[in-house]
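Both backbone and side-chain heavy atoms feed into the values below; hydrogens, waters and symmetry mates do not.
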Amino acid sequence: MLTRPLGIGNFEDKIVQKGVQKILEAIYEPLFWNSSYGLRPKLGCHDALKELRRHLYSQSVRKVIDLDLSNYFRTIDHELLMEQLSSKIQDKRFLRYIRRMFKAGILSNGELTVSDEGGY
């Protein structure tokens with residue numbers, strides 16, 4: 001069974017992370033399609049399932065494709081992500097802080113793991 005290591009930050013880390021989240025949401029939320037439900041404010045998997053059900057019963061549908069993106073965040077290229085962020089964000093200090101968050105690594109069983117891709 002694959003386990004997901006958790007980075008448990010202190011109270012100050014969580015405050016800063018929430019601030020970063022709010023800034024990124026303000027920039028990127030307007031760009032999402034209405035049919036995108038993953039990790040969005042006030043939307044969740046139950047909303048996605050309700051919309052899928054509504055669509056399937058109101059439209060003629062021949063195929064449904066199921067995608068599993070569970071490994072996506074473990075393999076995302078940090079440099080590519082930084083390029084994408086840089087296209088919308090001009091503040092170099094903010095971008096530098098995000099890069100530092102990527103490089104924070106995971107401490108597990110006394111061993112620090114840092115990766116150039118993905119979160120763990």
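Both L31 and I98 are part of a single hydrophobic cluster, where members link through side-chain heavy atoms under 4.5 Å apart. Under a hydrophobic clustering in which Ile, Leu, Val, Met, Phe, Trp and Tyr are joined whenever their side-chain heavy atoms come within less than 4.5 Å, directly or via other members, L81 and L24 fall into the same cluster. L52 and L43 are assigned to two separate hydrophobic clusters, defined by single-linkage of ILVMFWY side chains at heavy-atom distances under 4.5 Å.
A salt bridge (charged side-chain N to carboxylate O under 4.0 Å, His left out) check over residues 33-51, counting only residues at least two apart or in different chains, returns the pairs E29-R40, E51-R54.
Taking 4.5 Å as the limit, some side-chain heavy atom of R99 sits within range of a side-chain heavy atom of E79. With a 4.5 Å cut-off on side-chain heavy atoms, Y97 and V16 count as touching.
With a 4.5 Å cut-off between side-chain heavy atoms of Ile, Leu, Val, Met, Phe, Trp and Tyr, the cluster of L67 takes in I65.
In this structure, Y28 and L85 approach most closely via the heavy-atom pair OH-CA, 3.4 Å. For I89 against L95, the heavy-atom pair with the smallest separation is O-CD1, 3.5 Å.
For the residue pair Q17 / Q21, no side-chain donor-acceptor distance below 3.5 Å is found, with atom types taken as modelled.
The environment of D91 atom CG is dense: over 12 non-hydrogen atoms of other residues, nucleotides or ligands sit within 6.0 angstrom.
Remark: the backbone N or O of Q84 is paired with a side-chain donor or acceptor of S87 at under 3.5 angstrom.
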